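Heads up, the thing below is written out as structure tokens.
Sequence lines set the chain letters: A, B, ... in the order given, protein chains first and strands last, and positions in each chain run from 1. Bear in mind that the values here come from a model prediction, so they are computed numbers and not experimental data.
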2 protein chains.
Amino acid sequence: MSLNREIDQMPDSPEGLADYIAGKLGCPVTIEDVNHRIISYSSHETNVDDARSATIMQRKVPEHVVNGLWQAGVMGNLFESGAPVFVSPLPAIGLGDRIAISVRKNKEVLGFIWAQTKQVKMGDDEIRQLKEAASLASRHLQKQRDRKREKEENIRNFMYQLFHGTAGSRAEIEKQARKLHLSLEGSLSVAVLEFAESITPSVERHASYLTETFRRKNIISHMFENDLLLLLIHTHEDEAENVTQELLRGFRYKLEERTGVPGIDSTYGKVCTRPEDIHISYRQAQKTLELKNRYPEALAGVTTFRELGVYQFIQEISALYEQENYKNSVIEAIKAYDRSHNTSLLETLRSFLHHNSTHQAARQLHIHTNTLLYRLKRIREITGVDLEDTNQKTKLFIDLIIQG
Amino acid sequence: MSLNREIDQMPDSPEGLADYIAGKLGCPVTIEDVNHRIISYSSHETNVDDARSATIMQRKVPEHVVNGLWQAGVMGNLFESGAPVFVSPLPAIGLGDRIAISVRKNKEVLGFIWAQTKQVKMGDDEIRQLKEAASLASRHLQKQRDRKREKEENIRNFMYQLFHGTAGSRAEIEKQARKLHLSLEGSLSVAVLEFAESITPSVERHASYLTETFRRKNIISHMFENDLLLLLIHTHEDEAENVTQELLRGFRYKLEERTGVPGIDSTYGKVCTRPEDIHISYRQAQKTLELKNRYPEALAGVTTFRELGVYQFIQEISALYEQENYKNSVIEAIKAYDRSHNTSLLETLRSFLHHNSTHQAARQLHIHTNTLLYRLKRIREITGVDLEDTNQKTKLFIDLIIQG
DNA sequence: TTTTCATTTGTGTAATTACACAAACGGCGC
DNA sequence: GCGCCGTTTGTGTAATTACACAAATGAAAA
């Protein structure tokens with residue numbers, strides 16, 4: 001049987017294609033796009049394993065199965081080459097024997113064909129047929145990809161406008177959202193992810209891929225800007241803050257796991273219910289990231305703008321001080337004293353203000369509580385500052401961050 | 001003896017004039033300008049009272065004597081009319097019998113002639129002679145006033161430039177200062193005084209007059225701007241801050257006393273040693289006054305920019321918040337709770353943060369310490385805020401000032 | 001070298017704080 | 001009316017804090 005004749009016999013619709021391949025190989029077959037959504041599957045009365053049945057029921061490969069395939073290295077191989085990949089059973093994720101092949105257009109992966117090979121012998125002939133099927137499926141997936149790309153491009157343009165506050169009025173935003181079949185009801189937040197190094201094509205592929213597969217309902221869209229990955233996150237109103245936080249943490253964790261590149265920093269801005277406020281959330285997320293880079297120790301555990309506390313406006317005050325040529329004279333005096341007396345009053349003060357407790361500060365500094373008390377008294381004498389006065393104390397706390 | 005002939009006999013120099021009047025009246029005479037600096041005095045071997053001798057020695061009427069004259073209403077009368085004023089002895093300030101007359105050019109008072117009338121009988125003739133002497137002295141004082149006015153105008157122009165940072169480089173400033181015979185060595189600070197009502201000509205006269213007489217060495221110059229009185233204060237470097245504070249307090253007190261207009265608010269800015277920083281001090285003084293008007297209770301006791309504490313940048317943060325449409329969600333949540341439950345958690349929080357002590361806050365609110373503790377626990381539950389965290393606590397303290 | 005002075009640590013005490021638990025109060029809905 | 005529930009006040013306890021005072025250390029000055 002020549003190749004040409006065989007292709008001629010192949011059906012034109014993806015549904016028919018799945019059944020055709022299944023018939024040839026004598027086993028169930030599924031065709032998926034690159035994001036693991038089902039394009040078509042062969043009709044079989046019984047499903048051979050949990051992974052297949054769950055996939056068909058959800059019209060999408062379950063997340064834990066995708067994870068398992070990544071961890072087993074299967075996905076890596078499929079992305080690497082266009083050759084069929086034999087998969088040993090992975091009982092942990094309910095997956096039996098498989099043979100899989102990537103559907104490609106040139107080097108780009110458009111999707112996958114999975115064959116349930118259990119108790120079926122795969123000869124060279126069958127493998128050849130699978131490759132031919134993949135090449136045929138490419139046509140279908142190309143069309144689907146083009147449609148999707150155009151849609152995504154529209155969405156990304158819209159996102160860009162939302163992020164930069166140029167999307168117009170509430171009414172205009174809602175009209176555009178309806179047109180793109182996006183729901184902006186509920187709570188919205190912008191997340192920013194920064195990678196330790198410049199974004200490689202591989203990282204970009206993983207990020208895009210994950211955005212499509214990981215809790216798809218909550219991540220409306222993603223885009224790249226200045227080596228940052230931006231996400232528009234959508235949640236229900238109740239507990240939106242916690243859900244967003246958890247979601248982002250999970251996303252970051254998975255992304256690190258998949259790319260093998262650790263050191264991803266992620267932040268998000270205000271969780272808002274009005275889509276016209278999205279650009280504020282965007283700015284806040286950016287600012288939070290900036291500040292985390294500037295004050296890495298102090299803001300180590302911070303993820304969101306809200307958690308920045310006084311750091312929210314520390315840059316603005318710092319700029320004001322510079323402009324006014326302002327220096328906190330108390331801090332200057334303490335610094336001068338420390339230099340000339342080889343003491344560490346400033347560190348003592350910082351620790352005391354940070355903990356707001358003589359006990360804890362003394363413990364952190366490995367000194368006696370009375371020593372700390374003595375030093376505070378010394379600071380009072382040298383600078384005339386009154387640490388009982390909350391206003392002065394607060395001012396000092398902030399100025400120490402800037403000038404410390 | 002006709003008036004014309006008498007005037008012809010009067011001498012042309014102020015020194016001669018004093019002696020001439022003294023001869024006619026048969027008693028010692030001093031001629032002063034409007035700021036109580038001696039223009040001339042008659043030569044007598046013994047001075048009749050302490051006030052006269054001290055005045056001549058210092059070439060200026062001592063401050064306590066001027067004060068006494070104001071309090072006795074003498075100065076008021078002299079400014080009021082051009083008629084001679086009889087002064088009963090004021091032993092408290094070492095002053096014996098006097099007769100005084102103001103020297104005028106139209107309505108403007110240019111100076112005074114004082115005659116030591118002890119044991120001398122003043123008849124109508126002597127009084128007429130005194131009036132004529134005053135009219136003659138007017139010529140001399142007019143010249144002196146014009147010279148002084150021109151000099152003051154130059155100084156005020158210079159001050160304006162210093163205040164607004166347009167006086168050029170350090171070298172240019174010093175050159176200009178030398179030209180105007182001003183010393184800008186040591187510590188400098190700008191003070192701003194605000195009157196409860198618009199500045200009347202009377203208040204303006206008192207203010208100018210006091211600036212010239214009250215601790216003249218420390219007040220380089222004054223000017224009016226937008227109903228505010230601006231002073232350039234000069235002190236020695238050591239203890240400059242305290243001296244400035246004390247000086248301004250004394251000045252304000254005396255001005256209130258003299259004008260009889262209470263409610264003068266005064267502030268001053270950074271005490272600097274570099275004359276090119278004067279405009280910073282000016283801006284700070286203005287800002288301090290502005291803030292005192294905006295937060296009258298919180299800043300009641302504040303005189304200088306340094307004492308503002310966090311209020312130094314509260315306006316900037318407030319503007320930033322407005323621009324970012326930021327609201328502290330913790331405060332919003334507490335407000336909402338207070339409204340729907342008729343509680344006063346926000347006031348409780350404010351008091352606790354202000355005092356930074358459960359004990360004191362409870363005392364101020366007239367509640368049991370445990371009640372306060374309970375409310376704080378409630379705040380923690382409702383908002384999730386952690387008052388042990390200094391950063392969050394500080395943020396809350398500041399946001400309460402803005403949003404509270 | 002001795003002396004002096006700032007600094008550190010230790011002891012002791014009274015006030016303050018955080019916390020648990022119990023009891024009383026008072027508005028509100030059933 | 002009755003009970004529910006949030007609030008307030010009171011009692012008791014252990015930890016923390018502020019402060020005074022004494023003693024030891026150690027480095028710089030005399």
Side-chain angles (χ1 to χ4, degrees), chain A residues 330-397 400, chain B residues 329-397 400 404:
Chain A
V330 171
I331 296 177
E332 292 296 297
I334 296 176
K335 274 184 179 172
Y337 190 90
D338 274 350
R339 263 196 305 274
S340 64
H341 291 71
N342 247 349
T343 48
S344 48
L345 294 187
L346 197 66
E347 268 315 297
T348 307
L349 180 62
R350 189 199 309 283
S351 183
F352 172 67
L353 289 178
H354 179 71
H355 291 102
N356 198 25
S357 151
T358 51
H359 199 66
Q360 286 179 53
R363 195 154 52 81
Q364 196 210 25
L365 298 169
H366 306 295
I367 56 173
H368 196 275
T369 310
N370 284 353
T371 305
L372 190 122
L373 240 39
Y374 169 78
R375 289 185 186 173
L376 291 181
K377 195 180 116 196
R378 211 76 197 72
I379 289 172
R380 206 170 53 230
E381 287 167 356
I382 295 167
T383 65
V385 75
D386 176 13
L387 293 176
E388 301 286 297
D389 182 340
T390 312
N391 190 1
Q392 290 187 46
K393 203 167 161 182
T394 306
K395 185 71 176 4
L396 212 44
F397 178 73
L400 262 178
Chain B
S329 56
V330 171
I331 297 177
E332 292 297 297
I334 295 175
K335 274 184 179 171
Y337 190 89
D338 274 350
R339 264 196 305 276
S340 63
H341 292 71
N342 246 349
T343 48
S344 49
L345 294 186
L346 197 66
E347 268 317 295
T348 307
L349 180 62
R350 188 198 311 284
S351 183
F352 171 68
L353 289 178
H354 179 71
H355 291 103
N356 199 24
S357 151
T358 51
H359 199 65
Q360 289 179 52
R363 196 154 50 83
Q364 196 210 28
L365 298 170
H366 307 295
I367 56 173
H368 195 276
T369 310
N370 283 355
T371 305
L372 191 122
L373 239 41
Y374 169 77
R375 289 185 186 173
L376 292 181
K377 197 179 115 196
R378 211 76 196 73
I379 288 172
R380 207 170 53 231
E381 287 168 357
I382 294 167
T383 66
V385 74
D386 177 12
L387 293 175
E388 303 285 297
D389 182 338
T390 311
N391 190 1
Q392 292 187 44
K393 204 168 160 181
T394 305
K395 185 71 178 1
L396 213 42
F397 178 73
L400 262 179

Next item on the list: Please confirm whether the backbone N or O of B/Glu347 pairs with a side-chain atom of B/Ser351, one donor and one acceptor, at under 3.5 Å?
Entry: no

Check: Just one of A/Leu372, A/Ile379, A/Leu373 clears the side chain to side chain contact (heavy atoms under 4.5 Å, CB included) bar with A/Phe352, so which one?
Finding: A/Leu372

Item checked: Full working for side chain to side chain contact (heavy atoms under 4.5 Å, CB included) between A/Ile331 and A/Lys335 -> CA-CA 6 Å; A/Ile331 296 177; A/Lys335 274 184 179 172; 4.1 Å; yes

Item checked: Interatomic distance, A/Glu381 CD vs D/dC19 P [rounded to whole Å] -> 12 Å

Checklist line | Under 4.0 Å protein heavy-atom contacts per nucleotide of nucleotides 7-15 of chain D, with B for base, S for backbone only and - for none | finding: BBBBB----

Note to self: Is it the case that over 12 heavy atoms from other parts of the model lie below 6.0 angstrom from the NE2 atom of B/His354?
What the structure shows: no

Checklist line | Whole-Å distance separating the CG atom of B/Asp338 from the C1' atom of D/dG6 | finding: 14 Å

Checklist line | Check: A/Gln392 side chain, A/Val385 main-chain N or O, donor-acceptor pair, under 3.5 Å | finding: no

Checklist line | Rounded distance in Å - CG (B/Leu373) to P (C/dC21) | finding: 15 Å

Margin query: Rounded to whole Å, please give me the gap between CZ in A/Phe352 and P in D/dA18.
Written below: 6 Å

Check: How close or far is atom P of C/dT17 from atom CG of B/Leu387, stated in whole angstroms?
Finding: 14 Å

Check: Counting only heavy atoms not in B/Glu388, do more than 12 sit closer than 6.0 Å to its CD atom?
Finding: no

Notebook entry, point to check: Taking CZ from A/Arg363 and P from D/dT17, how many angstroms apart are they, rounded to a whole number?
Noted result: 10 Å

Next item on the list: Nearest whole angstrom, please: distance from the P of D/dA28 to the CG of A/Asn342.
Entry: 9 Å

Notebook entry, point to check: Would you say a side-chain N or O of A/Thr358 is under 4.0 Å from OP1 or OP2 of D/dA18?
Noted result: yes

Check: Is B/Thr369 touching bases, backbone alone, or none of the nucleic acid, heavy atoms closer than 4.0 Å?
Finding: nothing

